[in-house]
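This report concerns only the one structure given below.
The figures that follow rest on heavy atoms only: side chains count, while hydrogens, waters and symmetry mates do not. To find a chain, count down the sequence lines: A is the first, B the second, and so on, and within it residues start at 1. Being a predicted model, the structure only gives us computed values, none of them experimental.
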Amino acid sequence: MTDSSGVTRRVSDALFRHPLWLLVLLLLPPLLWLGVIYLGSLLALLLHSFYSIDEFSGLIVYEFSLSTYAELLRLSNMDVIIRSLMMAIAVTLGCAAMAFPISYYAARYAKGKWKALFYLLVMLPLWSSYLVKVYAWKLILAKEGIVSWVAEQVHLTWALDALLSIPVVGGPSLSISYIGTFLVFCYVWLPYMILPTQAALERVPGNLIEASADLGANPGQTFRTVILPLALPGLIAGSIFTFSLTLGDYIIPQIIGNSSYFLGQAVYTLQGTAGNIPLAAAFTVVPIVIMLIYLSIAKRMGAFDAL
Amino acid sequence: MTTAVSFQNVSRHFGSVRAVDEVSLDIAEGEFFAMLGPSGSGKTTCLRLIAGFEQPTSGHIEIFGATAEGVPPYRRNVNTVFQDYALFPHMTVLDNVGYGLMVKGVAKAQRDAKAEDALALVALPGFGQRRPSQLSGGQRQRVALARALVNEPKVLLLDEPLGALDLKLREQMQVELKALQRNLGITFVFVTHDQGEALSMADRVAIFNQGLIVQVGTPEDIYERPQTRFVADFVGSSNVLPPAFTKAAGGPERWASLRPEKIMLLRGSMSSPHKEMNARVTVKAVHYQGASTRLNTVTADGTAINVTAPSSLGKFAEGEELTLHWPASALHIMESEG
């Protein structure tokens, strides 16, 4: 028995008797934020993509039209979309290839302090400024940077030159090529792939792997038929991060690469200097549509069956 | 008779822990062999050594005459029914059952047909398109069994397969498993900590304690003639009587075991017909169990004796004085001190 008979007690008793009130109380602020400010502004943005810009005055015409979307299909704009899409796919595959072995080790073998060390090392790069890391990579990948220096020391300059002479993805130096952009994207987004993959692998019971071996599957078969399908939701979750973050980023391709436009830069320039908000909005719709297509394909392939 | 599984001085140590310590064992082909013991006694490790999930630290294992050390699980003609079934959650029941055939490259139509047959064998026909998550515990257990049996293993290993089922289902599955083993003629190695299960199903039982096998024998051997105090106590909670008591009750001065259900009792101060095999006791606790009543009693010198009394004898009260008596043949003198 307590002798407190104040307001607090009556409120908590009332909430205990009416759990629905508690739920409403808990959900109202975040729902307001999510519904009104977050999704609301996104809808306002999408709405703008259905307006167009007057060619002569440069003013926005507030009438429904699909002309802005037609403009997206112009060769120069399609170029930006395809370039961004290819980069996002490459970065996602690169991150997945690097993240999987690391996650597998952390989930299946690392114990105690080694697991703590794993989390520390994966999270560590996230603690420092994104801009500083990107500029650091610019120096690492520059023509006089540490990568070319190391290549020279081990007499592999020819290999680096061969890599840079590949058409389209190559360039005068790593920091001025798509390869460089790819490397830095992979570096920056890798933790976002490792963490969900590791979480998914952690949930795969060890006895499923034993059962698979027991039924005659060699390690390769077990990997393909048991481990990979069960880790797929984690890989998909990670790929949503790496894919959409790459699609929307406008800083890395600006600092590292051959200064051709990516989606994020296109949006940045169009809404800023060009003042073409409708086209910028239409460009924003592109990654959303790409993600929706990607997720529906993933769902059809059964990526979420094990959830 | 062919030997299915043979252990020769097999040890498996984990660091300083001797999970299995110098175990030697022969399991005959077609035998229903139970490994019984408390948790941590090494029985599951022995099973895993046969399956190939563990490798012996020392000693030699043969499966149908072939050396097993260094052979990975996927190259052994041995299948396991796991304790929590380990069904693949992302596959249908049919794909689960057909998994072993799939990895061996059997064509889809053929493996589906065989998987359906296996499901029919465990009384789950038509369940193929369901997911494991849509099945009850008992059904999952049957799927796990079908998934192992479809590979026609030479030895089937069962790791406490009935542990997660409720009593009624467990008893039903015991009967079915036993019948299945008889019909298929496959060697079953069954790990359990439930002595009733081991005694009712197995042809032979090995009792494990602290990484050692303390006794191997038929269920009757184990129950009627326990060789050590541990076996007497673990299997059927026998009364383990100290040498002094055995002598006072009319036997040799040795440790002895006396099954509670073999003891007869007389109420009040009636005298016993077996003059040399009796004891005066006081009731300490009464456990009513329906058909019978279990009495915890104690003698004047402090030896605890449990008695199972038929409920027809009426109610007992704590503190009541009884005379216990038993035929001389009920007292089993143990061969070893352990």
Would one find more than 12 heavy atoms of other residues, nucleotides or ligands at under 6.0 Å from atom [atom1] of [X]?
X       : atom1 : value
Q210(B) : CD    : no
F241(A) : CZ    : no
Y38(A)  : OH    : no
Y250(A) : OH    : no
K154(B) : NZ    : no
R18(B)  : CZ    : no
K133(A) : NZ    : yes

Enumerate by number any residue of residues 47-56 of chain B whose heavy atoms lie under 4.5 Å from heavy atoms of chain A; in the absence of such residues, state 'none'.
->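 Listed by number, the contacting residues are R48(B), A51(B), F53(B).
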
For chain B, find its close neighbours in residues 205-217 of chain A: heavy-atom separation under 4.5 Å, sorted by number, or none.
->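 So the qualifying residues are N207(A), L208(A), E210(A), A211(A), S212(A), A213(A), D214(A), L215(A), G216(A), A217(A).
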
Between L87(B) and chain A, which part of the residue has a heavy atom less than 4.5 Å away: side chain, backbone, both or neither?
->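 Backbone only.
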
Segment of N151(B) engaging chain A (4.5 angstrom heavy-atom cut-off) |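 For N151(B), the side chain is the part near chain A, not the backbone.
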
Distance, nearest 0.5 Å, that separates OG1 of T225(A) from CE of M102(B) =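 Here the interatomic distance stands at 5.0 Å.
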
Taking all heavy atoms of T222(A) and all of Y99(B), pick out the closest pair and write down the distance.
->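 For T222(A) versus Y99(B), the nearest heavy atoms are CA-OH, 4.2 Å.
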
Which atom pair, heavy atoms only, marks the closest approach of H90(B) to L230(A)?
->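 Closest pair (atom of H90(B), atom of L230(A), distance): ND1-CD2, 3.5 Å.
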
Options G100(B), A148(B), A86(B), S133(B), ranked by heavy-atom pairs under 4.5 Å with chain A, top entry |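 Result: the option with the highest number of such pairs is A86(B).
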
